[in-house]
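In what follows, a structure is listed as structure tokens, so that the remarks can point back to it.
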Amino acid sequence: MAQYDVSEIITHELMKGEVREDFLISTLESCSDPKPKLLKGTISDGQYDAGQLDIILCRPHAHIRRVGAQCFVEKKDALCVIEVKGNCTGKDLKRAKAKAAMIQNLEGQESPQYGLVCYKVALEEMTVMKRFGFSYDSENKTFFDNATIPNEAEVDWQKIEYPELDFFVSFEMDKKIFLRKYEVSPGKFRFVRAVQSPLIKELFSMTRGLWVPAHQAPVP
């Protein structure tokens with residue numbers, strides 16, 4: 001959040017966004033040895049591309065084409081895409097949903113994970129959690145997912161507004177949220193809320209969980 005406050009001094013929106021992206025890249029690079037390969041650019045299937053993407057976590061031996069400061073990454077070589085938002089809105093989530101679907105529809109069987117990391121979120125915590133499939137227990141003041149209740153009928157599960165996303169992270173002080181998709185039953189996916197503090201450790205764990213196995217895999 002300190003980085004968010006510093007970046008607020010910058011009035012140029014594009015530069016402000018790049019400062020936040022660069023800070024997140026340098027922070028994530030510090031979580032592993034060897035460092036994960038994190039780039040800015042786009043994902044392409046050779047014919048179409050996904051447009052500008054904030055951060056792409058690539059496989060160690062990815063074939064990358066560089067055009068200035070931007071990179072073209074083949075879909076099969078991308079492990080994860082992180083979009084960075086200063087103050088995430090409902091429109092940002094809708095755009096992310098569409099972008100995730102676009103990447104999934106590019107040619108190629110393997111799709112990278114895709115999600116949002118935001119320093120602040122314009123929506124209330126209750127709204128965010130509900131849109132990712134959670135209910136609220138007012139008596140205990142806790143969120144829960146009906147899908148995790150034994151013998152709960154699927155018709156009673158809360159709808160997930162953004163099933164195309166794989167994760168959502170908010171670092172805002174009063175809205176600390178880390179949601180990640182998982183398979184609750186064969187072919188059915190829900191989100192789980194991580195509780196580790198600070199939340200940046202969860203982001204470290206997620207990127208390491210993708211990068212380390214890929215780095216240890218034999219070169220094709």
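Side-chain atoms are counted along with the backbone in the values below, which use heavy atoms only and exclude waters and symmetry mates. Everything quoted here is computed from the prediction, not taken from an experiment.
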Check: Is a side-chain N or O of D156 found less than 3.5 angstrom from the main chain of E152, in a donor-acceptor match?
Finding: no

Checklist line | Side chain to side chain, D22 and K40, heavy atoms closer than 4.5 Å | finding: yes

Next item on the list: Enter the distance from I177:CD1 to F171:CZ here, rounded to the nearest 0.5 Å.
Entry: 12.0 Å

Check: Would you say the side chain of P112 lies within less than 4.5 Å of the side chain of L57, judging by non-hydrogen atoms?
Finding: no

Notebook entry, point to check: Is the distance between the ring centroids of F144 and F134 under 6.0 Å?
Noted result: no

Notebook entry, point to check: So, is the end of the R65 side chain (NZ or CZ) under 6.0 Å from the ring centre of F72 and within 45° of the ring's axis?
Noted result: yes

Check: Side chains of Y119 and R20: is there a donor and an acceptor less than 3.5 Å apart?
Finding: no

Check: If Ile, Leu, Val, Met, Phe, Trp and Tyr residues are connected whenever their side-chain heavy atoms lie under 4.5 Å apart, and connections chain through other members, are L179 and M126 in the same group?
Finding: yes

Notebook entry, point to check: Charged N to carboxylate O below 4.0 Å: is that the case for K130 and E161?
Noted result: no

Item checked: Spacing of R66 atom CZ and C71 atom SG [to the nearest 0.5 Å] -> 4.0 Å

Notebook entry, point to check: Which distance, rounded to the nearest 0.5 Å, do you find between the CG of L93 and the SG of C118?
Noted result: 8.0 Å

Item checked: Beyond-backbone contact of R180 with Q113, side-chain heavy atoms, under 4.5 angstrom -> yes

Note to self: Among T207, V84, V81, exactly one meets side-chain contact (heavy atoms from CB on, under 4.5 Å) together with I55. Which residue is that?
What the structure shows: V84

Item checked: Within one Ile-Leu-Val-Met-Phe-Trp-Tyr cluster: I56 and I103, side-chain cutoff 4.5 Å -> yes

Check: Out of curiosity, does V117 fall in the hydrophobic cluster containing F132 (side-chain heavy atoms, cut-off under 4.5 Å, transitive links)?
Finding: no

Checklist line | Distance-minimising heavy-atom pair for T42 and G51 | finding: OG1-O, 2.7 Å

Note to self: With a 6.0 Å cut-off (strictly less than), is the heavy-atom count around CG of D174, excluding the residue itself, greater than 12?
What the structure shows: no

Check: Counting only N and O atoms by type, is there a donor-acceptor contact under 3.5 Å from the side chain of K99 to the main-chain atoms of A50?
Finding: yes

Note to self: To check you understand the geometry: which heavy-atom pair defines the closest contact between W157 and V184, and what is its length?
What the structure shows: CH2-CG1, 4.2 Å

Item checked: Nearest atoms (heavy-atom pairs only) where A62 meets K37 -> N-NZ, 4.3 Å

Check: Would you find more than 12 non-hydrogen atoms of other residues, nucleotides or ligands less than 6.0 Å from F189 atom CZ?
Finding: yes

Note to self: Hydrophobic clusters here meaning ILVMFWY residues chained together by side-chain heavy-atom distances under 4.5 Å, can you tell me if L24 and F204 are in one?
What the structure shows: yes

Check: Any chance CD of E107 has more than 12 other-residue heavy atoms, nucleotides or ligands included, within less than 6.0 Å?
Finding: no

Note to self: Using every non-hydrogen atom in the two residues, find where Q158 and S135 come nearest and quote the distance to one decimal.
What the structure shows: CG-OG, 3.1 Å

Item checked: F167 and F178 aromatic centres sub-6.0 Å -> no

Check: Is it the case that more than 12 heavy atoms not belonging to E183 sit under 6.0 Å from its CD atom?
Finding: yes

Note to self: For the backbone of K175 and the side chain of S170, can you confirm whether one donor and one acceptor N or O come within less than 3.5 Å of each other?
What the structure shows: yes

Check: Hey, are D166 and K181 close enough for a salt bridge, meaning a charged N less than 4.0 Å from a carboxylate O?
Finding: yes

Margin query: Regarding E83 and Y114, do their side chains bring together a donor and an acceptor under 3.5 Å, going by distance alone?
Written below: yes

Check: What's the shortest heavy-atom distance between I160 and G133, and which atoms?
Finding: CG1-CA, 3.9 Å

Next item on the list: Could you point out which residue of R193, K141, R131 forms a salt bridge (charged side-chain N to carboxylate O under 4.0 Å, His left out) with E125?
Entry: R193

Next item on the list: Answer whether the closest heavy-atom distance between the side chains of I43 and D49 falls below 4.5 Å.
Entry: no

Notebook entry, point to check: Got I82 and D54 here, is their nearest side-chain heavy-atom distance under 4.5 Å?
Noted result: no

Check: Just wondering, do L79 and R59 contact through their side chains at under 4.5 Å, heavy atoms?
Finding: yes

Check: When rounded to the nearest 0.5 angstrom, what distance separates CG in D77 from CD1 in I64?
Finding: 7.5 Å

Margin query: Can you confirm whether the side chains of D145 and T148 place a donor and an acceptor under 3.5 Å from each other?
Written below: no

Notebook entry, point to check: Would you say the side-chain atoms of T127 pair up with the backbone N or O of L123, donor to acceptor, closer than 3.5 Å?
Noted result: no

Item checked: Under 3.5 Å donor-acceptor, K75 side chain and D45 backbone -> no

Notebook entry, point to check: Cluster question for you: counting only ILVMFWY and a side-chain heavy-atom cut-off of under 4.5 Å, with indirect links fine, are Y136 and F168 together?
Noted result: yes

Notebook entry, point to check: Backbone N or O of D92 within a donor-acceptor pair of the T89 side chain at under 3.5 Å?
Noted result: yes

Check: Atom SG of C58 and atom NZ of K76: how far apart are they, to the nearest 0.5 Å?
Finding: 11.0 Å

Next item on the list: Rounded to the nearest 0.5 Å, what's the gap from CH2 on W211 to CE on M206? Could you check?
Entry: 14.5 Å

